[in-house]
Amino acid sequence: MGLSPQITNLIIILGMMQVAKKIPFEDESVLNLCRAGYIASNLIILSIYLYIQSTINKKKDLTTLKYVEPAPMGSSEEGKLVTTTVQAYDLAQLKNLMRSQMMGVLMMGVMHLYFKYTNPLLIQSIIPLKGALEANLTKIHVWGQPASGDLKRPFKQPAGFMSALQSGPAQSDKKAVESAERAGRGGAKEEPGTPLQEAATTIPRRPPSPPTPEVTRRIEENRLRAKAIREQRDAELQASGIQQTDGSITTTTTPAGKKRPYGSISRAEVPDTNRDARTSPAKEGEDLLLVSRKFTKYVDYNFSAMTDTKGGFLSIEDDPWNKSMSAGVPGKIEGEQKPANMTAAEWERLQLIRRLQRNKSGPFEPGLSVLADEKTRKRCRECKTVEIDFVWEEVFGCAVCNACKQKFPEKYSLLTKTECKEDYLLTDPELKDPELLPHLSKPNPHKSHWHDMMLFLRYQVEEYAINQKWGSAEALDAEFEKREEDKKRRKEAKFKEKLLDLKRKTRTEAFRRNNAKGELSGSGQGPGKATRFGDAIGDRGKHIHEWGRTVENADGMTVKICLSCGSEVEVMEF
């Protein structure tokens with residue numbers, strides 16, 4: 001009698017653990033060799049399983065197999081009858097083997113690549129290969145052993161510790177199968193992609209049970225009731241007749257197998273119970289109800305002027321600063337979405353033309369004519385050249401060339417809205433007034449869907465802030481210093497308030513702890529009894545604490561102890 005597979009696996013694991021101690025896994029070449037052996041072992045296992053799958057499909061054994069599948073462990077349900085074929089059963093068992101092998105490869109990959117374990121490589125190269133060669137399907141389809149004894153389907157569970165935790169073996173004896181069939185538990189277990197339906201034709205089926213007398217009686221009553229209703233309607237139509245356009249009378253009597261005319265099923269008089277507003281005209285003196293006054297603002301919305309912002313449909317009135325809301329509005333910039341009837345090349349060309357128009361460059365740059373009057377010709381305010389930046393001249397009203405902008409950044413550099421508010425103490429209404437301070441709008445470089453940046457010219461901001469609003473640079477500096485001091489004072493006051501609140505909480509907790517201990521002595525309440533707040537200590541009347549040095553107690557906290565009464569409080573040192 002040979003050893004069981006569990007014992008041989010244990011012997012191999014113990015032996016490989018001793019061998020792994022002598023293998024220098026620190027050497028990269030040795031480690032790569034172990035990795036190659038592990039990969040080769042898994043490839044051999046995969047080839048064995050693929051060969052078994054092809055053999056099963058080639059044999060195509062459609063012999064009916066019935067067995068009772070055990071209920072899950074801990075469940076009060078009874079076993080379920082499974083009716084399948086040998087081919088479907090073998091393919092299901094092979095699928096379970098492949099799944100367990102893939103789980104082992106995944107776990108080994110995590111252990112080796114993430115946790116850097118190298119010893120399991122040697123063991124996992126041998127144990128799974130040994131298990132694949134000893135599997136029941138391998139013995140039947142590779143080694144050619146007969147499917148009898150331990151290899152009889154359904155296969156028995158392998159003996160071991162894990163088998164005790166499972167629900168039990170599948171029962172294929174005749175008594176258990178017949179008991180499950182009488183109880184009506186389970187049935188044919190279909191597997192996708194298996195020829196179970198071909199084998200099911202050979203299984204005898206039970207004839208359907210006849211209906212009960214009660215069911216037969218209800219069916220007959222419903223049939224007679226429906227027949228009476230239909231005959232009553234036919235009699236009414238034949239008695240009244242249907243008036244056609246030519247004045248003739250048409251009844252519902254039609255030849256068998258032909259469709260009835262529309263006039264035979266339509267009515268000249270609409271019944272009062274008809275709730276269709278298309279065929280029920282309003283009675284005299286009754287008009288349609290007016291739309292609610294509160295509902296008119298929703299009905300009167302112009303949806304053609306609204307834009308889908310991917311977060312709701314908005315119009316230019318909801319967000320006047322957003323350029324994407326201006327699509328389709330006269331006088332506004334069109335949206336940035338490509339029209340459906342335009343190609344990508346045409347859309348890029350249109351975008352380039354629009355950019356040149358906004359920047360007044362290229363073919364859209366204003367011409368320089370020698371015939372223009374010298375008084376009306378615009379020149380740079382620094383170098384007197386006629387090649388000025390026309391965008392700046394249009395937005396800021398400042399005629400300056402690009403070279404002078406680079407040469408004098410202290411005058412012609414651009415300031416953001418935040419810099420104007422923090423450095424020159426300007427307000428939002430002042431910055432939004434285009435007549436007071438013109439600004440240049442540019443797309444936000446941080447987020448494309450944010451509002452555009454508002455850029456201001458430095459010398460215009462300084463001229464307004466220093467000369468008009470504050471009067472002088474000294475007054476601006478004094479106001480800045482005053483605001484900084486106020487900000488610092490408010491910050492310190494807030495910090496002191498929080499610190500005072502923390503001190504009050506700390507003292508309250510310290511008093512509660514001392515009061516709970518009840519170890520205060522010298523009071524009129526007697527030793528060992530806790531005193532209350534305001535009680536006199538001893539015969540001296542009002543007590544004034546005489547604190548000693550700050551020390552650390554057993555809990556690691558900094559405390560002070562009164563030299564006369566022994567009261568203890570926590571202290572926070574900064």
Within a strict 4.5 Å, meaning less than it, do heavy atoms of the L137 and F155 side chains meet? yes
Report the C-alpha separation of L106 and M102 in whole Å, then their side-chain angles, then the decisive distance to 0.1 Å, and conclude whether the side chain to side chain contact (heavy atoms under 4.5 Å, CB included) test is met. CA-CA 6 Å; L106 181 61; M102 292 302 298; over 6 Å; no
Check whether any side-chain heavy atom of Q87 sits under 4.5 Å from a side-chain heavy atom of L62, and report yes or no. yes
Listed partners of D501 passing side chain to side chain donor-acceptor pair (under 3.5 Å), at least two apart: none
Assess the residue pair R358 and V391 against the criterion (side chain to side chain contact (heavy atoms under 4.5 Å, CB included)); give the C-alpha distance rounded to whole Å, side-chain angles, the decisive distance to 0.1 Å, and a yes or no. CA-CA 8 Å; R358 288 194 299 266; V391 177; over 6 Å; no
R223/E220 ion pair, N-O < 4.0 Å: yes
Does R217 pair with E214 as a salt bridge, N-O distance under 4.0 Å? yes
Once salt bridge (Lys or Arg N to Asp or Glu O under 4.0 Å) is applied, what residue pairs with a partner in residues 121-136 remain, sequence neighbours excluded? K130-E134
According to side-chain contact (heavy atoms from CB on, under 4.5 Å), who are the partners of M98, at least two apart in sequence or on a separate chain? Y49, L50, Q53, L94
More than 12 heavy atoms from other groups under 6.0 Å of CG on D27: yes
Within a 6.0 Å radius of atom CZ on F25, are there more than 12 heavy atoms belonging to other residues, nucleotides or ligands? yes
Check the surroundings of atom CZ in R35: do more than 12 heavy atoms from other residues, nucleotides or ligands lie under 6.0 Å from it? yes
Results of side-chain contact (heavy atoms from CB on, under 4.5 Å) for K447 - residues two or more places apart only: H449, W450
Show your working on side chain to side chain contact (heavy atoms under 4.5 Å, CB included) between L350 and W347 and close with a plain yes or no. CA-CA 5 Å; L350 181 60; W347 174 246; 4.0 Å; yes
Can you name the one residue among K227, Q232, R233 that meets side chain to side chain contact (heavy atoms under 4.5 Å, CB included) with R230? K227
Is it the case that the side chain of T138 and the backbone of L133 share a donor-acceptor pair, with hydrogens and angles ignored and the cut-off at 3.5 Å? no
Could you tell me whether a side-chain N or O of H439 sits under 3.5 Å from a main-chain N or O of L455, the two making a donor and an acceptor? no
Listed by chain and number, what are the side chain to side chain donor-acceptor pair (under 3.5 Å) partners of N96, not counting sequence neighbours? R99
Residue among I126, T8, I123 satisfying side chain to side chain contact (heavy atoms under 4.5 Å, CB included) with I13: I123
Would you confirm whether S41, through its side chain, and G37, through its main-chain N or O, come within 3.5 Å as a donor-acceptor pair? no
Side chain to side chain donor-acceptor pair (under 3.5 Å) partners of H141, counting only residues at least two apart: K59, D90
With side chain to side chain contact (heavy atoms under 4.5 Å, CB included) as the criterion, how do R153 and T84 come out once you've worked through the C-alpha distance, each side chain's angles and the decisive distance to 0.1 Å? CA-CA 11 Å; R153 301 179 183 88; T84 182; over 6 Å; no
